[in-house]
Structures are given as structure tokens and as C-alpha cells.
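Here's the structure, in C-alpha cells; my notes come after.
As the structure is a prediction and not an experimental result, all values here were calculated from the model.
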Amino acid sequence: MALNLKPIGDRIVVEAAPAEEKTASGIIIPDTAKEKPQEGTVVAVGAGKKDEPMTVKVGDTVLYGKFAGTEVSHEGKEYLIMREADIYAVIG
């Protein structure tokens, strides 16, 4: 299913990865203590700035800042809209 949400300029739309439910040792994390994920999958990419093409593409898994982007809800799903500059790394 294609996302009918098209970012403008150098912005991208990211679907955040789900928050961890358990620690590595198996302790269940309550909802109030879960940290906001800093990893997600790019689901839409804008056209970029003039003379600066976008370096990320749809399907890339990226790491971004803890407070990066604006949270939006579209068709019952939660997304983040952020500038490409808010991305720290593309995961392999």
C-alpha cells in the first residue's frame, strides 16, 4: 500500500520502530518508562533542495535525534516528519 503523504523539499516521513517491551535481561518495561525510539523506516521522501538531492530513499532504516521531527497521525498510523539533516545515520 502506497502512502499518500508526500513531504515537501528536504523533508522525509519516517515510521518509528516500536518501543522495546523488555530489557536484555527479560525485565518487562512499563508504558510509563518506555523511551521514545530513535530508529525508524523511511516511508516517503521529498524532492530535496535545489542543487542538493536527497541521500536517503524509501525503505532505508535510519537513526535520528531523540526530539527530531514532528509527530503526525495519518490514516490511523503514527509518523514523524523531519528534515533530512535530522538524520544521523542510515543503518546498513
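Between the CD atom of Glu15 and the OG1 atom of Thr61 there is a distance of 11.0 Å, given to the nearest 0.5 Å. Distance check, rounded to the nearest 0.5 Å: CD of Glu84 to CG of Asp10 gives 7.0 Å.
Each of Leu80 and Leu63 belongs to its own hydrophobic cluster when Ile, Leu, Val, Met, Phe, Trp and Tyr are linked at side-chain heavy-atom distances under 4.5 angstrom.
Shown here for Val43 and Val14, the closest heavy-atom pair between the two residues is CG2-N, 4.4 Å. In this structure, Tyr64 and Ala16 approach most closely via the heavy-atom pair OH-CB, 3.5 Å. Residues Ala44 and Pro7 come closest through the heavy atom pair CB-CD, 3.7 Å.
A salt bridge does not link Arg83 with Asp86: none of the charged nitrogens is closer than 4.0 Å to a carboxylate oxygen.
Counting only heavy atoms from C-beta outward, the side chains of Ile91 and Glu39 approach each other to under 4.5 Å. Using a 4.5 Å heavy-atom threshold, the side chains of Met54 and Ile12 count as touching. Looking at heavy atoms from C-beta onward, Ile87 lies in side-chain contact with Met82 at the 4.5 angstrom threshold.
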